[in-house]
Amino acid sequence: MTNARIAEVLDQIADLLEFEGANPFRVRAYRNAGRVVHDLPEAISDILASPDRKLTDIDGIGADLAEKITTLVGTGKLPFLEELLARTPESVLALLRIAGLGPKKAAVLYKELGVKTLADLKAACESHRVQELKGFGAKTEQIILAGMELAQTAADRMLWADADAEAQALLAHFKPLKAVKQIAMAGSYRRGRETVGDLDILVDSDDMPAVMDHFAKLPAVKTLVARGDTKMSVRLDSGLGVDLRVVPAKSFGAALQYFTGSKDHNVVLRGMAKDRGLKINEYGIFRGEKYLAGKTEEEIYAALDLPCFAPEIREARQEFAWAAAGELPKLVELADIRGDLHMHTTESDGNNTLEEMAAAAKTRGLKYIAITDHSQRATIANGLTPERLKKLWKRIDKFNATDPGILVLKGVECDILEKGGLDLPDDVLAEADWVICSVHYGQNQTRAQITARILEAIEHPHVAAIAHPTGRLINRRKPYEVDLEAVFTAAAKHHKLLELNATPQRLDLSDIQCAAAKRHGVKIVIGTDSHRVESLAQMRVGIIQARRAGLTKEDVANTRTWGQLQKLIGKK
DNA sequence: GCCGTTTTCGGCCCGACTGTTTTCAGTCG
């Protein structure tokens, strides 16, 4: 059983307990354990199989949860969960997903009106039976109906790149306003999560009404959800929710820290403050009533003798342990990247020529790029035969001879065939500077079959990196099944790289998987899989992912010069 | 349900906003 599945069960128990009105701290314990298991760098089943390891050594897992997890993994079932489900039908959990409806109100609806499903709920609201209930009113009924409609129309969380476009537009809207002294985006957008639920804007201003009025004038605002003295919430046409908070200068850093989160990171931080007799809230850090600091995030962290963590790692995973040990990694930055090693041109399915791609890369300050058009098997992408490929490589040689100020590498994205083996003969691959290979066909084979194909490619002497090692698309269909631990082990042994391709919809490796690669000693190469010049900007998305995984410049291969990179892949 | 170098019991982050209320509970982040 995978960690993800175990985490799912723990989360479901938390939902059910919450619905039953259980002790909120007990609910939190289950939720916290679910998160810890999900983020754990190694498989729970491996720990259970090891005689000298204990689940209770994991932070957040005590005797009770260790026993439940052992039962779950051992038998595939959990009696406790079955008991809960016997009391509360699973369908009522859908009620908790409606904005404005929490566990208390949902439980009343279930008990008093027998509401078990979303359809029941809609009927109850429309027949006005809901407003009869104690603690409910006509307005509540409206809010529930609106929340149901929103749940239907609003898509899942927005992809980071799409949220980024909205965020930049919002910042531009506020730019001309004189009342704004400082402005920043916070929340999961700032932490660089793959998907963003809503946007949080923070403004430093003495004129709160002016800022709020200006916000309301934004054309993209569809509905005003709430407006108070310091906080305003709206929903945009795109379905994205935006929260605006206005704070004075002395609280700006405290508020930025607070609203950047994550929630779990803040819980740890506040606990540490409490141990020292301090209190942190969004207005600052206090001893009793006395304000100590809050103008900048650095001040807040410094008051607890902590470094100002990069937003990307504020997830209550490793960051506090790193800080305590003085081993906070210096995270990789966009400026560290010297080359983009995954790129397509008009020769296969790209939209720009190699000359255009090279010019765009040079403008971005890159020192080298690899043109990695598809190989012949990828017929749908106009993949190249050995003959066409050799012709393209000759063109690249000629281009480099013109001294263009950037080195273009002769590369290829070679398909890993369904039956195993590579799509191009060895003598052709031997002529390439840079060979990446990937699975495009036979993605619904078994986990063992796909893993075997990838492992064979890793062992191939001319292969430098595996692209799309998991087939992972964000918010879309499932990735293909692959034994990633086996892939990491083989890649480390043969000094091969794994590619983290970054597009708005694709991040081949999650941050957790990147961190696991690092533990295995596997280097990551970040690529953009660019099919047009504009796509080169996607490198920023890949960098954020690498940072969330705690990767440094040394963990990322294309921060090196081409000469250093050749040594790394054994070409020199 | 977890946790502990003042604790094995009694804590567990903290505040804003709304609706239904007459002082607060529920929800959200």
Side-chain angles (χ1 to χ4, degrees), chain A residues 10 13-14 17-19 21-37 55-69 80 95-109 130-144 146-147 186-191 196-202 208 212 224-234 241-247 251 254-255 257-286 300 304 316:
Chain A
L10 294 171
I13 292 174
L17 286 173
E18 188 168 40
F19 187 85
N23 177 350
F25 297 107
R26 187 180 175 209
V27 174
R28 182 197 286 177
Y30 275 96
R31 263 196 229 300
N32 183 47
R35 188 182 63 88
V36 167
V37 168
L55 287 185
T56 48
D57 291 339
I58 302 167
D59 231 14
I61 311 250
D64 184 274
L65 283 175
E67 196 191 317
K68 287 199 171 79
I69 292 170
F80 179 54
L95 307 183
L96 300 178
R97 309 279 175 258
I98 296 171
L101 201 53
K104 296 282 165 54
K105 285 203 164 106
V108 170
L109 289 166
V130 170
Q131 57 176 283
E132 312 274 306
L133 296 168
K134 189 168 164 26
F136 290 71
K139 192 78 195 244
T140 314
E141 222 169 56
Q142 294 301 312
I143 288 170
I144 292 173
S188 57
Y189 166 74
R190 181 163 181 244
R191 300 201 313 280
V196 174
D198 58 15
L199 289 177
D200 297 282
I201 315 177
L202 210 62
M208 301 189 184
M212 291 193 181
L224 176 67
V225 179
R227 178 170 172 167
D229 294 336
T230 64
K231 179 185 163 180
M232 179 167 159
S233 297
V234 304
V242 185
D243 290 339
L244 170 76
R245 287 178 173 89
V246 187
V247 295
S251 298
Q257 192 290 315
Y258 183 88
F259 291 112
T260 295
S262 65
K263 192 177 161 196
D264 297 304
H265 176 90
N266 284 354
V267 167
V268 174
L269 203 68
R270 256 144 270 281
M272 292 173 79
K274 206 164 194 182
D275 289 345
R276 294 170 176 232
L278 301 172
K279 187 181 78 172
I280 305 180
N281 57 29
E282 60 262 55
Y283 300 109
I285 186 158
F286 299 85
I300 297 287
L304 297 170

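Naming convention: chains lettered A, B, ... in sequence-line order (proteins, then strands); numbering from 1 in each chain. All of these numbers come straight from a predicted model, not from anything done at the bench.
With the nearest nucleotide of DNA chain B identified for both A:I143 and A:F80, A:F80 has the one nearer the 5' end. Ranked by how close their nearest DNA chain B nucleotide is to the 5' end, A:Y30 and A:K134 are led by A:Y30.
Not a single donor-acceptor pair under 3.5 Å links the side chain of A:S251 to the backbone N or O of A:A254. A:R270 places a side-chain N or O within donor-acceptor distance of the main-chain N or O of A:I280, the cut-off being under 3.5 Å.
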- Mind running side chain to side chain contact (heavy atoms under 4.5 Å, CB included) on A:L65 and A:L55 for me, showing each step along the way? CA-CA 9 Å; A:L65 283 175; A:L55 287 185; over 6 Å; no
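When distances run from any side-chain atom of A:D243 to the nucleotides B:dG11, B:dC2, B:dG29, the shortest one goes to B:dG29. Distances from the side chain of A:T230 to the nucleotides B:dC14, B:dG1, B:dC17 place B:dC17 closest. For A:D64, the side-chain atoms get nearest to B:dC2 when compared with the rest of B:dT18, B:dG26, B:dC2. Of the candidates B:dT27, B:dA16, B:dC2, B:dT27 carries the atom nearest the A:K105 side chain, counting heavy atoms from C-beta on. Nearest to the side chain of A:A226, among B:dC12, B:dT18, B:dG29, sits B:dT18. Distances were taken from every side-chain heavy atom of A:K231 (C-beta onward) to each of B:dC17, B:dG1, B:dC14; the shortest belongs to B:dC17.
Within the structure, side chain to side chain donor-acceptor pair (under 3.5 Å) pairs that include any residue of residues 271-282 of chain A comprise A:R276-A:D305 (at least two apart or interchain). A side chain to side chain donor-acceptor pair (under 3.5 Å) check over residues 55-69 of chain A, counting only residues at least two apart or in different chains, returns the pairs A:Y30-A:K68, A:D64-A:K68. Pairs engaging residues 224-233 of chain A under the side chain to side chain donor-acceptor pair (under 3.5 Å) rule: A:D213-A:R227, A:S233-A:D243 [sequence neighbours left out].
Whole-Å rounding puts the A:L202 CG to B:dG29 P distance at 16 Å. In this entry the distance linking CZ of A:F136 with P of B:dT21 reads 11 Å, nearest Å. Rounded to whole Å, the distance from CE on A:M212 to P on B:dA16 is 12 Å. Following rounding to the nearest Å, A:R26 (CZ) and B:dG11 (C1') show an atom-to-atom distance of 18 Å. A:M232 places its CE atom 24 Å from the P atom of B:dG15, with the value rounded to the nearest Å. Between A:L101 atom CG and B:dA25 atom P there is a gap of 19 Å when expressed in whole angstrom units. If you take CZ of A:R245 and C1' of B:dC17, they are 10 Å apart, rounded to a whole angstrom. Rounded to a whole Å, the OH atom of A:Y258 is 7 Å from the C1' atom of B:dC13.
Looking at heavy-atom distances under 4.0 Å, A:N23 makes contact with a base. Residue A:P103 is in sugar-phosphate contact alone, with no base atom involved, counting any heavy-atom pair closer than 4.0 Å across all strands shown. Among the protein residues, A:A138 comes within range of the sugar-phosphate backbone only, with heavy atoms under 4.0 Å from sugar or phosphate atoms but none that close to a base. Nucleic acid contact for A:S233: none, since no nucleic acid atom lies under 4.0 Å from a heavy atom of the residue. Note on A:A99: only backbone sugar-phosphate atoms sit closer than 4.0 angstrom, heavy atoms only; bases stay farther off. Within the nucleic acid shown, A:R227 comes within 4.0 Å of sugar-phosphate atoms alone, with no base atom in reach, counting heavy atoms only.
For the ring-ring contact (aromatic ring centres under 6.0 Å, His included) test, no residue two or more places apart in sequence or in another chain qualifies with A:F136. Remark: A:E18 engages A:R31 in a side chain to side chain donor-acceptor pair (under 3.5 Å) (not counting sequence neighbours). The side-chain contact (heavy atoms from CB on, under 4.5 Å) test applied to A:V246 returns A:S205, A:M208, A:V211, A:M212, A:L244, not counting sequence neighbours. Listed by chain and residue number, A:E315 satisfy the side chain to side chain donor-acceptor pair (under 3.5 Å) test with A:R191 (two or more places apart in sequence, or in another chain). Annotation: ring-ring contact (aromatic ring centres under 6.0 Å, His included) contacts of A:Y258 (sequence neighbours excluded): none. Partners of A:Q142 under the side chain to side chain donor-acceptor pair (under 3.5 Å) rule, at least two apart in sequence or in another chain, do not exist in this structure.
B:dC3: Watson-Crick or G-U partner is B:dG10, with both key distances under 3.5 Å.
Atom P of B:dT20 sits at a distance of 14 Å from the matching atom of B:dG26, rounded to the whole Å. Using atom C1' as the reference point in both B:dC3 and B:dT8, the two lie 10 Å apart (nearest Å). Taking the C1' atoms as reference points, B:dT5 lies 23 Å from B:dG1, given to the whole Å. Taking atom C1' on both nucleotides, B:dC12 is separated from B:dT7 by 14 Å, rounded to a whole Å. For B:dG29 and B:dT22, the C1' atoms lie 28 Å apart once the distance is rounded to whole Å. Rounded to a whole angstrom, the distance from the C1' atom of B:dC17 to that of B:dT23 is 16 Å. Here, B:dC13 and B:dT21 have their C1' atoms 27 Å apart, quoted to the whole Å.
Put simply, the side chain of A:Q257 reaches to within 4.5 Å of the side chain of A:L269, judged on heavy atoms.
For the pair A:S188 and A:G197, the tightest heavy-atom approach, listed with the atom from each and the gap, is OG-N, 4.1 Å.
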Any N/O pairs under 3.5 Å between the protein and nucleotides 3-6 of chain B? List them or say none.
unit_1, atom_1, unit_2, atom_2, d
B:dC3, OP1, A:G60, N, 2.7

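Applying a 4.0 Å cut-off to non-hydrogen atoms, the residues of residues 275-285 of chain A that approach DNA chain B are A:K279, A:I280, A:N281, A:E282, A:Y283, listed by residue number. Near DNA chain B, defined here as any heavy-atom distance below 4.0 Å, the residues from residues 263-272 of chain A are A:K263, A:V267, A:R270, listed numerically.
For A:R28 and B:dC13, the shortest distance from a side-chain N or O to OP1 or OP2 is below 4.0 Å.
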